[in-house]
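Below: the structure, in structure tokens.
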Amino acid sequence: MLILLLSFAPAPLRGRWNRPKSGPFAVEYVYIPIDLAAGFKYEDATGSIIKFASDKLGLKVSSIHKSVRAAMPTTEERARLQISFGQPLLEMERVAFLADGRPYEYALTRYRGDKFEYRAIDNL
């Protein structure tokens, strides 16, 4: 399922249900500012929004801020992700900023906890 709505206040640019052969494991909601979505096409929604910014708009994403937490699914998410009532999701919130400080992308991805592992590396 793919939803294309262009706005930043806030309507999703895409809603994507990740469904590999092992079954559904995540839903992702992505928002970008409408003024930065010029030339955005359906096929762009299936790839990286960051790559779209760089390749098609000539914009440089300088940082991505992430938060991870547990969250309860909505009724629709529970049905699409094929999980039982009361099973929490692992939610990752991501905000990408351009080199000039403007936010470019806001993404909320909700993963099945039994099918996803988050790893982080801190280089010192």
Side-chain angles (χ1 to χ4, degrees):
M1 174 179 178
L2 197 57
I3 302 167
L4 295 177
L5 300 170
L6 301 177
S7 164
F8 198 62
L13 172 69
R14 67 178 179 193
R16 178 166 62 177
W17 306 95
N18 294 305
R19 188 180 174 89
K21 290 179 183 175
S22 63
F25 74 94
V27 58
E28 182 175 56
Y29 306 97
V30 179
Y31 306 83
I32 64 171
I34 195 152
D35 61 318
L36 297 178
F40 193 86
K41 294 184 174 51
Y42 177 82
E43 56 270 11
D44 298 318
T46 61
S48 166
I49 302 299
I50 304 296
K51 187 168 174 32
F52 172 79
S54 174
D55 294 354
K56 303 255 176 115
L57 302 178
L59 299 171
K60 180 177 179 357
V61 173
S62 63
S63 67
I64 300 173
H65 302 225
K66 295 179 183 178
S67 294
V68 179
R69 64 187 150 269
M72 296 307 292
T74 65
T75 302
E76 182 181 7
E77 290 168 342
R78 199 170 56 243
R80 290 191 177 269
L81 294 173
Q82 302 170 3
I83 57 176
S84 5
F85 182 81
Q87 184 176 346
L89 300 174
L90 182 62
E91 180 179 270
M92 182 182 299
E93 182 179 49
R94 181 176 73 240
V95 182
F97 291 92
L98 298 173
D100 65 8
R102 289 181 295 164
Y104 172 68
E105 175 195 53
Y106 172 82
L108 187 67
T109 308
R110 304 182 96 199
Y111 299 94
R112 283 184 59 151
D114 61 340
K115 293 192 175 194
F116 181 78
E117 177 182 355
Y118 178 75
R119 291 184 184 196
I121 298 172
D122 295 330
N123 292 319
L124 304 176

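Values below: every heavy atom of this structure, side chains too, minus hydrogens, waters and symmetry copies.
- Taken from CG in Leu90 to NZ in Lys115, the straight-line distance is 15.0 Å, to the nearest 0.5 Å.
- Considering Glu77, Glu76, Glu28 as possible partners of Arg110, the one that fulfils the salt bridge (charged side-chain N to carboxylate O under 4.0 Å, His left out) test is Glu77.
- Ring planes of Tyr31 and Tyr106: tilted class, angle from 30 to 60°.
- Taking CZ of Arg69 as the reference point, atom CD of Glu93 lies at 4.5 Å (rounded to 0.5 Å).
- Residues Thr109 and Phe116 are not in side-chain contact: their nearest non-hydrogen atoms beyond the backbone lie 4.5 Å or more apart.
- The minimum heavy-atom distance linking Pro33 with Pro103 is given by the pair CG-O, 3.6 Å.
- Under the 4.5 Å side-chain criterion, counting only non-hydrogen atoms from C-beta, Ile83 is in contact with Pro73.
- Going from atom CZ of Phe97 over to atom OG of Ser63 covers 6.0 Å, rounded to the nearest 0.5 Å.
- The structure places CG of Leu57 at 9.5 Å from CG of Leu98, a figure rounded to the nearest 0.5 Å.
- For the atom pair CZ of Arg78 and CD of Gln87, the computed distance is 10.5 Å after rounding to the nearest 0.5 Å.
- Proximity of a side-chain donor or acceptor of Arg94 to a complementary backbone N or O of Ile64 within less than 3.5 Å is not detected.
- When all heavy atoms of Leu81 and Phe25 are compared, the pair lying nearest together is CD2-C, 3.8 Å.
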